Asks: 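One structure, pasted below without further comment.
A note on names: the letters A, B, ... follow the listed sequences, proteins ahead of strands, and every chain is numbered from 1. Computed from a predicted model, the values in this text were never measured in an experiment.
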2 protein chains.
Amino acid sequence: MALPNGPVTASSEAEAVLFDLVDVYDRAYEAAAAELSLSPAQACVLGRLDERRGMGGLAEELGCDASNITQIVVRLEALGLVTREPNPRDRRARLVARTPRGDEINHRFATAFTFARTAVGRLSPDEQDQLTALLRKALG
Amino acid sequence: MALPNGPVTASSEAEAVLFDLVDVYDRAYEAAAAELSLSPAQACVLGRLDERRGMGGLAEELGCDASNITQIVVRLEALGLVTREPNPRDRRARLVARTPRGDEINHRFATAFTFARTAVGRLSPDEQDQLTALLRKALG
DNA sequence: ACAGTTATTTGAGTGAATCAAGTAATTCCT
DNA sequence: AGGAATTACTTGATTCACTCAAATAACTGT
C-alpha cells in the first residue's frame, strides 16, 4: 500500500477532508488493481488503451519518461493483456493494443474500482452538480 | 512523476472532476517533496513526527509493513532529518524524532505544498463549508 | 544523400513496497 | 522464577516504478 500523500498540517476542515478523499481514493484504486493482480501503474496504462496507440502518446499523456512506459507495457505484454505491433506507417514506432483478455481485465478493473461511483452516488443529482462546480472552482 | 490513478471511464462529470482533483493533488504533493529532494514517502513520514514516536506506530498509521518504515527512516536518518534513539522503557523499540534540520525541512515542505490551501482558498467561507459537507457525505 | 530529429529500447541506479526469517527484549503463565 | 509465546524492529531477497543517459533505428527536410 502506498504511503498517503498526507496532510502535514491541515489548517481548515476543508483541507482535511480533501486529504481524506485523496487518500481513500488512492487506496481504493490500488486495492481494485490488486484484486486483478495489477499494479496501479499497469491498471492505469491498460485503461488508456481503448484505442491502439503509440508508446510516446502514452508517455506524454501520463507525464512520465518513455522508458517507464516501455517497462510497464513489457510487463502487460508478458501477462498477455496487450500486444505491441509495429506501426506500418512508421517502422520506428509500435502500436500498443489490448488483447481480448486485456479488455476483460480492464473491464473487471473498472467494475472493481467502485470508489468514485459510490462516493458520487451518495449525493443527490443537485448535490453532484454543486460538488462539480465547487471542485472546478477550487481547481482554478 | 507517479502515473495517475486514472479514470478508466468516468460516467459522470462529478467523477471526472474528482479524478482531476486527486491527480492534481498527488502531483502537487510529489512536486513539493521533490523541491526539497524528498520522495513523497519520506515527506509523509517526516510530516508525522511532530512528536517522537516508535516505528510500529508509524507503520500502523500508514498502513504498511514495518520493514518499509525501517527503510524510509534509515534514509531520513542518513539525510540528517531524523534520529532513532533507543526507547528507555522498552529496549526492543526505537523512538524516531525529527532533528532541527528535519523540523526545518518539514516546515519548508508544508510551505511548498500549497495545493490544498490554494484550492480551498479559491472558495468563499460558505463554499468551503458546502464542500466539506458534500465530501463528508460522499465519503460515507 | 546527409544531417538532424524522432520513437523506442537498454542499462544503470534509486527508492518504495512486500514477504519471510532472524534477533532481542518483553510479557504471560503456572 | 523459568520457559513459551509475543512484540518491535531489522535484514535479506525480490518486484516494480521511476528517472536519466546512451544506443539503435527509421523518418524528414534540404
Asks: So B:F113 and B:Y25, would you call those rings parallel, tilted or perpendicular, with 30° and 60° as cut-offs?
Replies: perpendicular
Asks: Using whole Å, what does the distance between atom P of nucleotide C:dA12 and atom CG of A:N68 come to?
Replies: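 In whole Å, C:dA12 P and A:N68 CG are 18 Å from each other.
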Asks: With the threshold set at under 4.0 Å for non-hydrogen atoms, list the residues of residues 82-95 of chain A touching DNA chain C in residue-number order.
Replies: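 Of all residues in residues 82-95 of chain A, the ones placing a heavy atom under 4.0 Å from DNA chain C are A:R84, A:R92, A:A93, A:R94.
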Asks: Measure the distance from CD on A:E60 to C1' on C:dT8 and round it to the nearest whole Å.
Replies: 15 Å
Asks: Sequence neighbours left out, what passes salt bridge (charged side-chain N to carboxylate O under 4.0 Å, His left out) with A:D26? Give chain and number order.
Replies: none
Asks: Go through it in stages, so that I can follow the logic: the residues are A:L49 and A:L58, the test is side-chain contact (heavy atoms from CB on, under 4.5 Å), and I'd like the CA-CA distance, side-chain angles, deciding distance and then a yes or no.
Replies: CA-CA 9 Å; A:L49 291 172; A:L58 282 166; 4.0 Å; yes
Asks: Restricting to side chain to side chain donor-acceptor pair (under 3.5 Å), what partner residues turn up for A:T114, sequence neighbours left out?
Replies: none
Asks: What's the CG-C1' distance between B:L76 and C:dT14, to the nearest Å?
Replies: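 To the nearest whole Å, that distance equals 15 Å.
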Asks: Return the set of residues passing side chain to side chain donor-acceptor pair (under 3.5 Å) with B:R75 (not counting sequence neighbours), or none when no residue passes.
Replies: B:Q71
Asks: From the list C:dG15, C:dT18, D:dT19, which nucleotide is the closest neighbour of the side chain of B:C64?
Replies: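 From the listed options, C:dT18 comes nearest.
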Asks: Could you identify which residues of residues 38-54 of chain B place a heavy atom less than 4.0 Å from some atom of DNA chain C, listed by residue number, or say none?
Replies: B:S39, B:A41, B:Q42
Asks: Considering residues at least two apart in sequence or located in another chain, which fulfil the side chain to side chain donor-acceptor pair (under 3.5 Å) criterion with B:E15?
Replies: B:S11
Asks: Taking CG from B:L62 and P from C:dT18, how many angstroms apart are they, rounded to a whole number?
Replies: 11 Å
Asks: Using whole Å, report how far CE of A:M55 lies from P of C:dT8.
Replies: 7 Å
Asks: Which pairs pass salt bridge (Lys or Arg N to Asp or Glu O under 4.0 Å) with one or both residues in residues 114-133 of chain B, sequence neighbours excluded?
Replies: A:K137-B:E127
Asks: Only pairs under 3.5 Å count here: list side-chain donor-acceptor contacts from residues 36-45 of chain A, not counting sequence neighbours, and write none if there are none.
Replies:
residue: A:S39; atom: OG; partner: A:Q42; partner atom: N; Å: 3.1
residue: A:Q42; atom: OE1; partner: A:S39; partner atom: N; Å: 3.0

Asks: Quick test: give all pairs of protein nitrogen or oxygen and nucleotides 11-13 of chain D nitrogen or oxygen below 3.5 Å, distance rounded to 0.1 Å.
Replies:
none

Asks: Holding to salt bridge (charged side-chain N to carboxylate O under 4.0 Å, His left out), I want the full list of residues that pass it with A:R53, two or more places apart in sequence or in another chain.
Replies: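 A:R53 satisfies salt bridge (charged side-chain N to carboxylate O under 4.0 Å, His left out) with A:E61 only.
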Asks: Remember a base hit wins even if backbone is also touched, and classify B:I72 as base, sugar-phosphate or nothing at under 4.0 Å, heavy atoms.
Replies: sugar-phosphate
Asks: Determine which pairs satisfy ring-ring contact (aromatic ring centres under 6.0 Å, His included) with at least one residue from residues 79-110 of chain B, sequence neighbours left out, and list them in order.
Replies: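 Matches after skipping sequence neighbours: B:Y29-B:F109.
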Asks: When the distance from CG of B:L58 to C1' of D:dT7 is rounded to whole Å, what number comes out?
Replies: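 Distance, rounded to whole Å: 17 Å.
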Asks: Quick one: side chain to side chain donor-acceptor pair (under 3.5 Å) partners of B:N87, sequence neighbours excluded?
Replies: none
